[in-house]
Engineer: 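Below is the structure I would like to discuss, written out as structure tokens.
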Amino acid sequence: MREGILFVISAPSGAGKTSLCKEIIDFFPELRQSVSFTTRSPRLGEQDGVDYFFVSPQEFRRMVAADEFVEWAEVHGNCYGTSRSTLDLWRAQGMDVVLDIDCQGAAQLKNSSTGAVFIFILPPGVEELRRRLTGRNLDTVEVIERRIRNAEGEIREARWYDYLIINDRLELAAGELKGVIMAERCRTNRILPVLRTTFPSLRDT
Ligand code: ADP
Ligand code: 5GP
């Protein structure tokens, strides 16, 4: 059994990351999606423990001090973090894990030794991003404009990711994302250690 692969997915808010993550979680039943901790308030319909673990700023600070996050960052005025223990447990069990996190958190993982795969989702353009954020009907005009302003800086970070996926048509983008996951699972360096127990001729390689 190999260690689970970590797929880190970032995108400007409204690019379609949640929609795409749902597609791949439905498609690969064995893929796990990490539920982050956040200090932000739940949006309408969001459930504690499902969408996020909603915690107070004091509790979040305690978790940071206790080194309970593998990465954390302040995004749009709220704190978000990924639980280290859940991630380690799943990967040790051989389960591949998807993290939907911002560029600051992704950069922290890029500088660590997780061997993670970095995927950036782009909208087809800024106007379409605004249309999607407005159409989602979850945020005020001020929040939407702040997210669009932030998108510029986030898109600049796309350069150092391993894969870029433009979410124009959802089905096509979902197909590309599935393709990346399948290809990464076939990488020689991930498969070879497992095959060595099956094929003696590979043992001395
Ligand atoms: P994010 O998680 O990146 O903030 P969402 O997945 O919530 O984005 O998508 C933002 C809005 O855009 C949602 O209303 C979603 O249904 C819509 N959306 C997502 N992908 C597409 C697409 N390819 N074409 C049109 N609308 C999309
Ligand atoms: P939202 O509030 O719209 O759910 O998420 C806002 C941003 O926070 C998104 O870019 C999302 O990817 C990011 N985010 C969610 N969870 C985490 C996390 O655990 N760590 C980091 N660094 N970012 C996160």
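Whatever order the structure lists them in is the order used to number ligands and atoms, beginning at 1. Worth saying up front: this structure is predicted, and the values here are computed from it rather than measured.
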Engineer: Among protein heavy atoms, which sits nearest to atom 20 (N) of ligand 1, and what does the distance come to when rounded to 0.1 Å?
Structural biologist: Asn167 ND2, 3.0 Å
Engineer: May I ask whether Gly135 has any heavy atom positioned less than 4.0 angstrom from an atom of ligand 1?
Structural biologist: no
Engineer: Identify the closest protein heavy atom to atom 7 (O) of ligand 1: which residue and atom is it, and at what distance?
Structural biologist: Arg136 NH1, 3.0 Å
Engineer: Quick one: does Lys17 get an N or O within less than 3.5 Å of an N or O on ligand 2?
Structural biologist: yes
Engineer: Using a 6.0 Å cut-off, check whether atom CD of Glu30 has over 12 heavy atoms from anything other than its own residue.
Structural biologist: yes
Engineer: Please find out if less than 6.0 Å separates the ring center of Phe118 from that of Phe7.
Structural biologist: no
Engineer: Between Arg40 (side chain only) and Gly77 (backbone N and O only), is there a donor and an acceptor less than 3.5 Å apart?
Structural biologist: no
Engineer: When only distance counts, is Arg40 in polar contact with ligand 2, meaning an N/O pair under 3.5 Å?
Structural biologist: yes
Engineer: Any N/O of Trp72 closer than 3.5 Å to an N/O of ligand 2?
Structural biologist: no
Engineer: Below 3.5 Å, N or O to N or O, backbone or side chain included: is there any such pair between Ala11 and ligand 1?
Structural biologist: no
Engineer: Does ligand 2 have any atom sitting under 4.0 Å from a heavy atom of Arg43?
Structural biologist: yes
Engineer: For ligand 1, which atoms, with element, lie under 4.0 Å from some heavy atom of Leu170?
Structural biologist: 20 (N), 23 (N)
Engineer: Taking CZ in Arg2 as the centre, count heavy atoms belonging to other residues, nucleotides or ligands within less than 6.0 Å. Is the count above 12?
Structural biologist: yes
Engineer: Please identify which atoms of ligand 1 are closer than 4.0 Å to at least one heavy atom of Ser19.
Structural biologist: 5 (P), 6 (O), 9 (O), 15 (C), 19 (C)
Engineer: Measure Asp168 to ligand 1 on non-hydrogen atoms and call it side chain, backbone, both or neither using the 4.0 Å cut-off.
Structural biologist: backbone
Engineer: So which bit of Val75 gets within less than 4.0 Å of ligand 2, heavy atoms only: side chain, backbone, both or neither?
Structural biologist: side chain
Engineer: Would you tell me which option among Glu74, His76, Glu71 has the nearest heavy-atom contact to atom 18 (C) of ligand 2?
Structural biologist: Glu71
Engineer: Could you tell me whether the side chain of Arg146 and the main chain of His76 form a donor-acceptor pair under 3.5 Å?
Structural biologist: yes
Engineer: Closest non-hydrogen protein atom to atom 8 (O) of ligand 1, residue and atom name please, with distance?
Structural biologist: Gly16 N, 3.2 Å
Engineer: For ligand 1, which atoms have a heavy atom of Ser13 less than 4.0 angstrom away?
Structural biologist: 4 (O)
Engineer: Answer yes or no: does an N/O atom from Thr18 fall short of 3.5 Å to an N/O atom of ligand 1?
Structural biologist: yes
Engineer: Under 3.5 Å, side chain of Asp96 to main-chain N/O of Ile5, donor-acceptor pair present?
Structural biologist: yes
Engineer: With respect to atom 11 (C) of ligand 1, which of Glu171, Arg132, Lys22 exhibits the smallest heavy-atom separation?
Structural biologist: Arg132
Engineer: Please confirm whether Phe37 comes within less than 3.5 Å of ligand 2 when only nitrogen or oxygen atoms on both sides are compared.
Structural biologist: no
Engineer: Looking only at protein heavy atoms, which one is nearest to atom 3 (O) of ligand 1, and how far off is it?
Structural biologist: Lys17 N, 2.8 Å
Engineer: Tell me the nearest of Gly14, Pro12, Ala173 to atom 1 (P) of ligand 1, using heavy-atom distances.
Structural biologist: Gly14
